Amino acid sequence: MAHVVFLPGDGIGPEVAGEAAKVLAAVAERYNLDISTENALIGGAAFDATGFPLPDETLALCKKADAVFLGAVGGPAWDAVPRPKRPEAGLLALRKGLGVFANLRPIAIFPELAAFSCLRQDIVTQGVDLLIVRELTGDIYFGEPRGEGVRGGLRYAYDTMVYDEEEIRRIARMAFAAARSRRKKVCSVDKANVLSASRLWRTVVEEEHAAWPDIELSHMYVDNAAMQLVARPASFDVILTGNLFGDILSDQAAAIAGSLGMLSSASLGATAPGLYEPAHGSAPDIAGQDKANPLASILSIALMLRMSLNAPQAADAVESAVKSLIREGFRTADLVAENNRNTVPTGCKETGDLIVARLK
Ligand code: NAD
């Protein structure tokens with residue numbers, strides 16, 4: 001029996017998590033998967049109930065689970081809360097507590113939604129289907145020393161970009177393994193022409209590559225990668241990169257894909273559980289109105305089935321159901337173009353129901 005903890009969170013989090021849970025239950029029934037689930041508190045909802053954005057009880061439940069689903073956290077209601085108790089602090093503590101060091105974000109454009117991409121249509125129609133594998137717990141965001149001061153009458157501040165070889169090796173392994181079930185190409189992105197940390201990155205990625213002879217490895221400087229990502233996105237399969245470069249490139253890639261409502265993600269560590277979440281936030285502007293697009297969450301369930309629950313067939317079924325829904329023309333409000341206001345958008349709940357119907 002596999003156990004999944006759902007953390008609905010704030011804003012549209014509970015709405016999209018509800019549909020994700022419904023889809024997981026439906027696909028489990030269809031494929032005879034023995035999966036139990038329970039809900040726990042995180043974010044602003046947890047702060048309101050317990051005074052903490054990640055109560056100890058929630059972290060303990062998540063650590064014992066096989067996989068964790070997170071809706072979204074945050075919102076204006078908690079703007080005045082001190083930083084360590086903000087909803088977002090709960091999410092950072094969860095990632096740290098679970099030891100998830102790899103963030104996997106698939107970026108694909110559904111042909112029917114190509115108009116929502118910020119790229120020219122002739123570029124989009126070449127087909128975009130890539131996976132960003134971003135290191136999540138190291139790099140300049142966590143490096144020491146860091147600080148600020150005054151020197152010669154001038155204020156200054158500094159951060160440290162640092163990686164050790166094991167941090168690089170384990171994320172490289174994750175990228176090569178992911179590439180094996182895709183088109184078998186990894187492009188490692190760094191700034192080795194300038195940065196020492198990047199030179200070690202490149203060396204260790206090459207050393208690790210020796211164990212993956214069936215995978216094609218290339219290297220690209222991050223400035224060139226940013227350009228190629230918009231000029232020739234179809235040329236990428238797996239992009240492997242550090243925390244800082246991955247942060248920037250994954251948001252750039254999100255704009256290429258179009259709506260935030262379609263982007264799933266998985267964060268993985270050395271051992272279970274993986275953390276699965278949509279790439280978007282709590283969208284306070286549409287919360288409680290049944291307008292949220294639950295497909296990013298439903299696609300995150302597909303990732304969970306494949307990566308943590310060892311149910312690839314069920315994962316394929318969920319992804320096919322999403323594709324057919326889009327092909328059939330069902331659209332939540334975020335996917336209805338400004339110039340097409342005659343279309344009645346599908347609600348969040350109805351979208352979940354339509355996916356469930358296609359899984360039966
Ligand atoms: P956001 O992603 O919540 O919203 C950005 C825009 O996209 C909004 O117009 C929103 O309506 C729309 N949108 C987002 N998800 C959608 C969906 N599923 N369906 C339809 N439309 C969708 O980003 P924001 O407005 O910058 O942040 C709002 C709150 O969310 C903040 O408190 C922020 O800290 C938090 N946040 C949380 C996470 C997380 O939990 N992982 C990530 C980002 C932001």
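Since we're looking at a predicted model, the values are computed, not measured. Remember, it's 1-based here, ligands and their atoms both numbered in the order they're listed.
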Checklist entry - Does the salt bridge (charged side-chain N to carboxylate O under 4.0 Å, His left out) test come out yes or no for R155 and E148, once each step is laid out? => result CA-CA 7 Å; R155 287 173 296 165; E148 55 191 27; over 6 Å; no

Item to check | Test log, rule salt bridge (charged side-chain N to carboxylate O under 4.0 Å, His left out), inputs R95 and E277 | outcome: CA-CA 11 Å; R95 287 178 180 152; E277 48 182 316; 3.4 Å; yes

Item to check | Expected output: side-chain D10 to main-chain A45 donor-acceptor under 3.5 Å | outcome: yes

Next on the checklist: Could you check whether any side-chain N or O of E135 sits under 3.5 Å from a backbone N or O of E167, counting only pairs where one atom can act as donor and the other as acceptor?
Outcome noted: no

Checklist entry - Which protein residues have a heavy atom under 4.0 Å from ligand 1? => result I12, A72, V73, G74, G75, E88, L91, L260, G261, E277, H280, G281, S282, A283, P284, D285, I286, A292, N293, D334

Checklist entry - Between L249 and R134, does a side-chain contact (heavy atoms from CB on, under 4.5 Å) hold up when you go through it step by step? => result CA-CA 9 Å; L249 292 180; R134 165 189 169 192; over 6 Å; no

Next on the checklist: Go through it in stages, so that I can follow the logic: the residues are I215 and K185, the test is side-chain contact (heavy atoms from CB on, under 4.5 Å), and I'd like the CA-CA distance, side-chain angles, deciding distance and then a yes or no.
Outcome noted: CA-CA 6 Å; I215 308 295; K185 288 198 313 183; over 6 Å; no

